[in-house]
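Inspection log for the structure reproduced underneath, given as structure tokens.
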Amino acid sequence: MTQALSTEDRAIDQEPVVVAERPAQGRRARYGLFQVSQFGIELTMMATLTALVSWLLPSRILPADLGSATAVQSGVMAVLLLLPVWHLAQGLYRSGAPVAAVRVQRRLAAVAAAFSLVAAQAVLTSSGPAGLLLPLTLLLVSLTVGLVMEGMVRPMLAGLFRARVPTLLLGDTGFRQTGADLLTAGADFGGMVLARASMDDTSLSWPDPAGRGKAMPAATGPVTAVLLPAPARPDGAIMDLHDLGGFVGLVYRRRQANPVAMAVKIALDKLVAGTALLAFLPALLAIMAALKLTSPGPVFYSQTRIGQHGRPFRMWKFRTMRVDAEQHLQAYLDTNPDALQEWKTYFKLKKDPRIIPGVGSFLRRSSLDELPQLFNVLNGSMSLVGPRPFPTYHLDQFPQDFQRLRATVRPGMTGFWQISARSDGDLRVQEALDSYYIRNWSIWLDLHIIATTPYAMLASKGAY
């Protein structure tokens, strides 16, 4: 008996699995539009900002008698417009690989190289310190456009064009399920699960592309993406492949043990948190006033959470629930079995009776209730990016080895789970996404998550 293609779990280890390729023409068109749209939008953004820069510099800032300004300006303009072409050549607009952290790293490397070239041009043409304003403008413009592209434009277009690569998962049961969780939770891997099978499934086949119905071995078929099981590895360690004179070596290393990388992360935390507090000060005052006017009780709410190395700390939020929230929740769960099952699965309720109507619901859906955690970032108990600090009753539902893995890093205001599944992910999805983040952490991944967080907040996917 042959089994139809499905994203649902089926007895694929006992029955033959035939992976039927979907019509490729429409999919290729979507992928092409996905790439062309990103390229066009970034080129348009660069051209617009280039025109603005050309208007401002050098005529309005640089000295009028600066003879070399025109040459430097031309170099800046050319580099700004060529960066999208270079990103296209790097494959940064494709669905699937490279993953987000690699895309951010390549973007910043390209920007740094362009900045260095134009800065060198400014020095060689003796344009003086004023001439460096143009390369500095190039740097700021390119970084801004890059973060907007990665954090806002790409996720929006990926949803619009459904630009996900059809993926067959091969591996042991646990790895197949983890891979499916990562792909379907909205994480930025660009994959869409078509079927799952074990590594030793001899019945796995692929239809003959000529349409004669004759099954072909999967190894020779048009497999778009295959996720293989990863061997066991130490907590928090990432695995790299190395060519050891013709032999493949698996190297384990823990990036969090790199003091330079962690110093950069801490510096980024302090800089962004301090800047955000100043920028959001009017919003903080407005929220405090709204809460005081609409609900009796304190403006802020704090709760003990488990932080790095298992140390408890007080996490701060704006209060979005009634003063008698816990008693009200218990009474509601006792009389609503469906809500009780939802609570056991997600530890949240889509229709939570504890939430303050109006302002409380708005703060929860927009995640603005978490702004006071910027103070937690400044005092070092939290980071901008990391696994969410769950309450004890939530954390106790996870396996002990995963709890130990989470304890190796500081919890974060935002994270990989928050920009993908958020509250729509159950315990298994939360474990898969947080494990991926901890084991694959890099400053580039943090930058991607920070850039994508505003889009996740505006979309309000899974936020309640």
Q: Go through the steps to decide whether L147 and H448 satisfy the test side chain to side chain contact (heavy atoms under 4.5 Å, CB included), and finish with yes or no.
A: CA-CA 8 Å; L147 291 177; H448 165 74; over 6 Å; no

Q: Give a yes or no on whether R162 atom CZ has more than 12 heavy-atom contacts from other residues, nucleotides or ligands under 6.0 Å away.
A: no

Q: Output, in order, the C-alpha distance, side-chain angles, deciding distance and verdict of side chain to side chain contact (heavy atoms under 4.5 Å, CB included) for L384 and D446.
A: CA-CA 8 Å; L384 282 174; D446 274 7; over 6 Å; no

**Q.** Test of ring centre spacing under 6.0 Å for F318 and Y301
**A.** no

Q) Taking side chain as C-beta onward, heavy atoms only, is R94 less than 4.5 Å from Y31? A) no

Q. Parallel, tilted or perpendicular: which fits the ring planes of F416 and Y436, with parallel below 30° and perpendicular above 60°?
A. parallel

Q) When you look at R439 and L405, which way does the side chain to side chain contact (heavy atoms under 4.5 Å, CB included) test go after all the steps? A) CA-CA 9 Å; R439 289 186 169 124; L405 178 64; 4.0 Å; yes

Q) Between S361 (side chain) and P357 (backbone), is there a donor-acceptor pair under 3.5 Å? A) no

Q.
Nearest 0.5 Å, please: how far is CZ in R30 from CZ in F161?
A. 10.5 Å

Q.
Under a plain distance cut-off of 3.5 Å, with no hydrogens placed, do K265 and S383 share a side-chain donor-acceptor pair?
A. yes

Q: May I ask you to decide whether R319 forms a salt bridge with D369, counting only side-chain N to carboxylate O separations under 4.0 Å?
A: no

Q) If you draw a 6.0 Å radius around CZ in F398, do more than 12 non-hydrogen atoms from other residues or ligands fall strictly inside? A) yes

**Q.** Under 3.5 Å donor-acceptor, R154 side chain and M149 backbone
**A.** no

(Q) So F313 and P389, do their side chains get closer than 4.5 Å, heavy atoms only? (A) yes

Q. Quick one: CD1 on I419 to CG on L433, what's the gap to the nearest 0.5 Å?
A. 9.0 Å

**Q.** Pairwise distance CD(Q418) to OH(Y437) - rounded to 0.5 angstrom
**A.** 10.0 Å

(Q) Within the structure provided, determine whether D269 and L378 are in side-chain contact (heavy-atom separation under 4.5 Å). (A) no

Q | Between CD on residue Q35 and CG on residue L88, distance to nearest 0.5 Å | A | 6.5 Å

Q) Are any side-chain N or O atoms of N376 and backbone N or O atoms of R314, one a donor and one an acceptor, separated by less than 3.5 Å? A) yes

Q: Could you tell me which non-hydrogen atom of L271 sits nearest to which non-hydrogen atom of T275, and how far apart they are?
A: O-OG1, 2.8 Å

Q) Could you go step by step and tell me if L447 and L108 meet the side chain to side chain contact (heavy atoms under 4.5 Å, CB included) rule? A) CA-CA 11 Å; L447 289 174; L108 294 183; 3.7 Å; yes

Q. Should V385 and T453 count as side-chain neighbours, where that means a heavy-atom distance under 4.5 Å?
A. no

Q. Aromatic rings W417 and F390: how do their planes relate, parallel, tilted or perpendicular, breaks at 30° and 60°?
A. perpendicular

Q.
How close do P84 and E42 get, counting heavy atoms only, and between which atoms?
A. CG-CG, 3.9 Å

Q: Could you tell me the separation between the CG atom of L157 and the CD atom of Q38, rounded to the nearest 0.5 Å?
A: 6.0 Å

Q. Taking the side chain as C-beta and beyond, is there a heavy-atom pair between F34 and L160 under 4.5 Å?
A. no

Q. Pick one: which of E370, Q430, H394 meets side chain to side chain donor-acceptor pair (under 3.5 Å) with R388?
A. E370

Q: State, yes or no, whether a side-chain contact exists between L143 and R107 at a heavy-atom distance under 4.5 Å.
A: no

Q.
Could you report the tightest heavy-atom contact between Q90 and A110, atom names first, then the distance?
A. OE1-CB, 4.4 Å

Q. For the side chain of E431 and the backbone of R428, is there at least one donor-acceptor N/O pair under 3.5 Å apart?
A. no

Q | Test item: R410 and S381 side chains (from C-beta on) under 4.5 Å apart, heavy atoms | A | no

Q) When rounded to the nearest 0.5 angstrom, what is the spacing between CG in L371 and CE in M288? A) 12.0 Å

Q) What's the shortest heavy-atom distance between I438 and T408, and which atoms? A) CG2-OG1, 3.9 Å

(Q) If you compare all heavy atoms of V359 against all heavy atoms of A290, which two are closest, and at what distance to 0.1 Å? (A) CG2-CB, 4.0 Å

Q) If we only count heavy atoms from C-beta on, is the R305 to P312 side-chain gap below 4.5 Å? A) no

**Q.** Shortest non-hydrogen contact between L395 and Q403, atoms and distance
**A.** O-NE2, 3.1 Å

